[in-house]
J.: 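This structure is in structure tokens; I'll ask about it shortly.
Keep in mind it's a predicted model, so treat the numbers as computed, not measured.
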Amino acid sequence: MALWPSGDSSPNGSGASLGTASATYPLSHTPRTVPAVREHVPARGPGWRPGSGSRVVVGSDSLAGTGKLLADELGMTYAGREDARDGDVALDVAGSGDRESYTMAVEKNRVKITGPGEAGVFYGTRTLKQEVRGGGTAQEGVVRDAPAKPRRGFMVDIARKPYSAGWIEDRVRELGDLKYNELGLHFSDDQAFRIESSSHPEIVSSPHLSKAEVKRIVDLAASRHITVVPEIDSPGHLGAVLAAHPDLQLRNASGAPVRGAIDISKPAAAKIVDDLLNEYAELFPGSYWHLGGDEYQALTVSDPAASFPQLAAAARDRFGPQAGVADLATGWMNDRAHTMRGHGRTMRAWNDGFYRSSGVAPDKDLEVAYWTGKEIGARQPTEYLGTGRKMINYNDEFLYYVLGEPQTFVYPTGRRIYEQWTPRVLRGTAAVPERYDAQILGGVFAVWSDRAGAQTQEQVASGIRMPLRATAQKLWDARSPSLPWSQFKELADKVS
């Protein structure tokens with residue numbers, strides 16, 4: 001329905017005047033955006049659209065980046081710290097509460113976007129941008145909006161498949177417009193190590209990202225209020241590191257090497273991984289860090305102590321005569337957490353790195369990145385939640401885009417996520433009880449490069465387009481969406 005006056009009367013009654021001409025307007029409708037806004041108070045009036053004299057003004061210099069971005073996107077002038085006038089968009093930090101919340105008021109040919117934090121103001125500009133893109137006009141009225149979940153992420157495995165810096169930057173821009181706030185980079189695995197290193201240049205693969213390229217990605221992400229979350233997976237998935245340091249590779253009792261696994265009984269193993277963690281803590285200054293911890297092959301055999309006597313001996317030396325290999329592996333994860341805690345990070349690890357058989361408890365502040373229930377001794381999510389653990393949803397049933405579709409994986413669809421998944425669906429298709437909702441911090445849609453040549457990076461971008469939008473919707477508001485899938489897809493194609 002058009003917001004601009006088209007006649008002298010309206011069945012909805014009188015509206016505001018525009019210039020000297022009297023006109024009436026229908027009651028405005030809720031803006032159509034991805035993700036959808038959570039509350040809109042309708043009003044009567046012409047709404048707002050950018051005009052030749054429209055400006056973006058800010059109440060604080062800290063909003064200059066957001067203001068300049070919006071002005072550029074909508075073809076407006078950035079005026080800095082000026083008083084708002086007719087036709088302007090005013091941005092300001094104000095109020096208290098969730099720093100990702102915002103209010104967007106459209107009234108009297110002006111738009112005012114405020115929030116308790118700069119992130120919320122930025123998200124308000126994304127709503128305005130999508131409204132204008134979708135119909136040319138921002139609806140009259142007031143939007144009050146905030147995310148349901150504080151962690152809304154996308155992760156990409158750049159280790160097994162190299163992605164260009166430009167491709168990653170394009171994803172950052174896409175994520176920002178969809179109100180995501182995390183970008184995960186899995187850059188070390190058995191196949192390759194993909195970021196320049198000064199502490200251990202011998203492990204770096206070709207091609208790889210330079211630190212200058214990574215810094216540009218991190219800075220671009222920060223301008224969109226996105227935290228880059230690095231992952232150096234250990235003690236498994238270290239094949240690229242071990243290729244340059246074969247003396248540190250885990251070997252079984254027969255002397256056979258174990259692919260990707262580092263020998264955690266050797267002090268030099270801890271040193272090289274801590275060298276890398278300390279080095280990249282400077283490159284990635286965000287608050288979060290992924291320690292990995294999954295699929296350590298020493299714990300996938302029937303008798304770890306018999307197969308790896310050196311690990312069993314090290315476990316007893318450190319934790320006492322009853323200790324086993326799982327205790328040593330848990331101690332390893334806690335030690336890496338201690339390293340990153342020194343850099344002020346909040347850490348997460350894959351759920352199969354939390355061992356039921358371990359008498360050594362994983363550090364209490366470690367968050368669980370729950371991705372699978374397929375590992376040996378798999379536990380339901382409620383076993384973690386019942387102990388008070390906080391979790392992040394990486395459910396491989398819905399949120400894993402695995403190149404080449406190996407094993408039982410199939411490419412996820414936006415429709416299935418939109419219609420069947422919520423953050424409480426951590427494993428398979430069943431939701432955990434609502435009482436655990438606050439412990440589930442959010443979710444991450446992940447691209448894994450198992451068969452790197454199965455798709456080009458352009459095909460990956462196309463394949464994840466609608467799944468990313470559906471995930472964004474369900475992380476921003478886990479309730480059943482108001483639009484059916486067909487209309488959501490049509491809207492997403494129009495505005496995002």
J.: Between the side chain of Ser223 and the main-chain N/O of Leu220, is any donor-acceptor distance below 3.5 Å?
T.: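 Yes: the side chain of Ser223 pairs with the backbone of Leu220.
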J.: Which distance, rounded to the nearest 0.5 Å, do you find between the CG of Leu403 and the CZ of Arg451?
T.: 10.5 Å
J.: Could you check if a side-chain atom of Glu73 sits within less than 4.5 angstrom of a side-chain atom of Leu70, using non-hydrogen atoms only?
T.: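 Glu73 vs Leu70: side chains touch.
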J.: Hey, what do you get for CZ (Arg224) to CG (Leu175), rounding to the nearest 0.5 Å?
T.: 10.5 Å
J.: Does a side-chain heavy-atom distance below 4.5 Å link Phe354 with Arg379?
T.: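 Side-chain contact under 4.5 Å: yes.
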J.: With a 4.0 Å cut-off, would you call Asp170 and Arg173 a salt bridge?
T.: yes
J.: In terms of side-chain geometry, is the basic nitrogen of Asp177 or Arg126 positioned less than 4.0 Å from the acidic oxygen of its partner?
T.: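 The answer is yes: the pair qualifies as a salt bridge.
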J.: Hey, is Glu279 close enough to Lys211 for a salt bridge, meaning N to O under 4.0 Å?
T.: yes
J.: Salt bridge check: are Arg427 and Glu383 linked by an N-O gap of less than 4.0 Å?
T.: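 Looking at Arg427 and Glu383, the cut-off is not met.
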J.: Give, for atom CD of Gln139 and atom OG1 of Thr30, the distance between the pair rounded to the nearest 0.5 Å.
T.: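 Here the rounded value is 8.0 Å.
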J.: Using the salt bridge (charged side-chain N to carboxylate O under 4.0 Å, His left out) rule, pick out the option among Arg345, Arg389, Arg151, Lys390 that qualifies with Glu367.
T.: Arg151
J.: Is it true that Tyr180 and Phe445 have ring centroids separated by less than 6.0 Å?
T.: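 Not close enough - the centres of the two rings lie 6.0 Å or further apart.
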J.: With sequence neighbours left out, write down each residue that passes ring pair (Phe, Tyr, Trp, His ring centres under 6.0 Å) with Trp485, or none if nothing qualifies.
T.: Tyr418, Phe488
J.: Test Ser496 against Arg469 for side-chain hydrogen bond (donor to acceptor under 3.5 Å, both in side chains), laying out the working first.
T.: CA-CA 9 Å; Ser496 61; Arg469 282 149 180 78; 3.0 Å; yes
J.: If a pair satisfies salt bridge (charged side-chain N to carboxylate O under 4.0 Å, His left out) and one of its residues is in residues 486-496, list it, with sequence neighbours excluded.
T.: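 Found Arg465-Asp493, Lys489-Asp493.
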J.: CD of Glu458: more than 12 outside heavy atoms within 6.0 angstrom?
T.: yes
J.: So His225 and Glu118, side-chain hydrogen bond (donor to acceptor under 3.5 Å, both in side chains) or not? Walk me through it.
T.: CA-CA 8 Å; His225 298 275; Glu118 293 169 22; 4.9 Å; no
J.: With a 4.5 Å heavy-atom cut-off, do Val495 and Thr33 have their side chains touching?
T.: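 No, every pair of side-chain atoms sits at 4.5 Å or beyond.
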J.: Quick one: are Lys474 and Pro481 in side-chain contact, heavy atoms under 4.5 Å?
T.: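 A side-chain contact exists here, since the closest heavy-atom pair is under 4.5 Å.
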J.: Please confirm whether the backbone N or O of Thr456 pairs with a side-chain atom of Gln459, one donor and one acceptor, at under 3.5 Å?
T.: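 Judged by distance alone, yes, a pair lies under 3.5 Å.
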J.: Going from CG on Asn395 to CG on Leu426, what distance comes out if it is rounded to the nearest 0.5 angstrom?
T.: 7.0 Å
J.: Does atom CZ (Arg32) have a neighbourhood of more than 12 heavy atoms from anything else shown, all under 6.0 Å?
T.: no
J.: Distance from Met347 atom CE to Arg341 atom CZ, nearest 0.5 Å?
T.: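 The distance works out to 4.5 Å.
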J.: Name the orientation class of the two ring planes belonging to Tyr370 and Tyr384 (parallel below 30°, tilted from 30 to 60°, perpendicular beyond 60°).
T.: perpendicular
J.: Are more than 12 heavy atoms from other residues, nucleotides or ligands located less than 6.0 Å from atom CZ of Arg38?
T.: yes
J.: Looking at Phe398, does the NZ or CZ of Arg416 lie under 6.0 angstrom from its six-membered ring centre and within 45 degrees of the ring axis?
T.: yes
J.: By the definition ring-ring contact (aromatic ring centres under 6.0 Å, His included), identify the one residue from Trp448, Trp350, Trp421 that meets it with Tyr394.
T.: Trp350
J.: Determine, for Trp476 and Lys179, whether the Lys NZ or Arg CZ falls below 6.0 Å from the six-membered ring centre while staying within 45 degrees of the axis.
T.: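 Yes - Lys179 lies over the ring of Trp476, closer than 6.0 Å to its centre and within 45° of its axis.
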J.: For the pair Asp450 and Arg160, find out whether any cationic side-chain nitrogen is under 4.0 Å from an anionic carboxylate oxygen.
T.: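 Salt bridge between Asp450 and Arg160, a charged N being under 4.0 Å from a carboxylate O: yes.
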J.: Does the distance from a Lys or Arg side-chain N to an Asp or Glu carboxylate O, for Lys149 and Asp437, drop under 4.0 Å?
T.: yes
J.: Counting only heavy atoms not in Lys112, do more than 12 fall under 6.0 Å of its NZ?
T.: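 Check fails, neighbour count at 12 or below.
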J.: Working to the nearest 0.5 angstrom, can you tell me the gap between Gln457 CD and Ser449 OG?
T.: 10.5 Å
J.: Can you run down the ring pair (Phe, Tyr, Trp, His ring centres under 6.0 Å) pairs that involve residues 78-105, sequence neighbours left out, and say none if there aren't any?
T.: none
J.: Please check if the number of heavy atoms outside Lys374 that lie under 6.0 Å from its NZ is greater than 12.
T.: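 Yes - once you tally the heavy atoms of other residues, nucleotides and ligands closer than 6.0 Å, there are more than 12.
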